[in-house]
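Numbering starts at 1 and runs along the sequence shown. In what follows, every heavy atom counts, from backbone to side chain, and hydrogens, waters and symmetry copies are set aside.
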Amino acid sequence: MAYSEKQWQEAKALFELGKSPQEIADKVGFKSRDTVNKKAIKENWEKNKILHQKAELIELEEKNSTIQEENSTMVEKLANLEDYQITILKETVESELKRKSILLSTANLSLIRKNQLLTKNKKTVIEMETIYSDEGKPLKKTPVEIEIELSPNDLKTLDEGIDKNAITLELAQRHASSQVNIQNTNAQQTKIDIDKDMILDTLKAFDDEY
């Protein structure tokens with residue numbers, strides 16, 4: 001029995017999502033699971049290829065649903081405010097969130113640079129190099145950049161700096177470990193951006209509605 005290209009594409013996608021051959025056959029309308037198995041082997045289909053994207057999409061949709069619910073709740077709360085209160089609130093939120101975003105970006109950049117120094121384990125310093133005449137007489141000194149290994153004191157200073165950046169980024173308590181993961185930093189920044197967009201969208205929606 002011949003099957004359409006659309007059926008085969010659906011079957012392959014389901015296979016890459018981790019569905020069993022029998023589940024695929026039942027959903028797509030194949031005669032048996034052997035039909036799926038033979039095609040998968042022949043064309044070297046990769047099982048679970050897009051399973052991770054499925055999980056990410058579900059998580060994103062759940063977050064979006066939560067944001068929409070929070071947005072509706074915020075609109076209801078704002079309904080009790082006067083127009084002048086909403087205007088001032090909107091301007092204040094925009095101003096404060098902008099400053100917070102700049103602060104976090106600066107702390108994040110500082111954290112990344114400290115991490116690079118630790119990875120490289122070297123720093124650049126300026127030393128004065130003496131230039132001599134042919135007779136060996138010192139003529140003048142000129143600054144020269146050289147790289148040297150980080151000292152124990154340098155490592156301690158970086159450790160303390162990372163700890164301060166982590167506190168600024170709300171990723172650690174004041175006395176927590178200073179081992180900060182850069183990926184977590186970016187995730188925190190993303191969350192802040194989402195919160196910012198939610199608040200501003202809520203205020204805009206309220207303006208449009210009322």
Notebook entry, point to check: Looking at side-chain heavy atoms only, is the closest gap between Y132 and L139 below 4.5 Å?
Noted result: no

Check: Could you state the interatomic distance from CG (D34) to NZ (K38), rounded to the nearest 0.5 Å?
Finding: 6.0 Å

Notebook entry, point to check: Can you find a heavy atom in the side chain of Q7 that is under 4.5 Å from one in the side chain of S4?
Noted result: yes

Notebook entry, point to check: Which pair of heavy atoms, one from P21 and one from V36, lies closest together, and at what distance?
Noted result: O-CG2, 3.7 Å

Item checked: Pairwise side-chain contact, L57 with Q53, heavy-atom cut-off 4.5 Å (strictly under) -> no

Item checked: Y3 and K31: CA distance, side-chain angles, deciding distance, side chain to side chain contact (heavy atoms under 4.5 Å, CB included) verdict -> CA-CA 10 Å; Y3 298 105; K31 184 177 180 181; 3.6 Å; yes

Notebook entry, point to check: Can you tell me how far the NZ atom of K54 sits from the NE2 atom of H52, to the nearest 0.5 Å?
Noted result: 13.0 Å

Next item on the list: Using a strict 4.0 Å threshold on nitrogen-to-oxygen distance, state whether E147 and K120 make a salt bridge.
Entry: yes

Check: Quick one: does E127's side chain get under 4.5 Å of P143's, heavy atoms only?
Finding: no

Check: Roughly how far, to the nearest 0.5 Å, is the CG atom of L51 from the CD atom of E56?
Finding: 10.5 Å

Checklist line | Atom pair NZ (K140) and OG1 (T142), whose distance is rounded to the nearest 0.5 Å | finding: 6.0 Å

Check: Do Q22 and D26 come close enough that some side-chain heavy atom pair is under 4.5 Å?
Finding: yes

Notebook entry, point to check: Of the options K49, E43, K47, which is the one that meets W45 in a side-chain contact (heavy atoms from CB on, under 4.5 Å)?
Noted result: E43

Margin query: Tell me if the centroids of the rings in F15 and W8 come within less than 6.0 Å of each other.
Written below: no

Checklist line | From CD (E5) to CD (Q9), nearest 0.5 Å | finding: 4.5 Å

Next item on the list: Could you check if a side-chain atom of I131 sits within less than 4.5 angstrom of a side-chain atom of K141, using non-hydrogen atoms only?
Entry: no

Note to self: Between K27 and L14, is there a side-chain heavy-atom distance shorter than 4.5 Å?
What the structure shows: yes

Next item on the list: May I ask you to say whether E10 pairs ionically with K6, meaning some side-chain N is under 4.0 Å from a carboxylate O?
Entry: no

Item checked: Side-chain donor-acceptor contact under 3.5 Å, T73 with E76 -> no

Notebook entry, point to check: Is I146 close to V144 at the side-chain level, that is, under 4.5 Å between some pair of heavy atoms?
Noted result: yes

Next item on the list: Specify the closest pair of heavy atoms between N48 and G18, including all atoms of both residues, with the distance to one decimal.
Entry: OD1-CA, 3.0 Å

Note to self: Side-chain heavy atoms nearer than 4.5 Å, only ILVMFWY residues, links allowed to pass through others: does that put V125 and L150 together?
What the structure shows: no

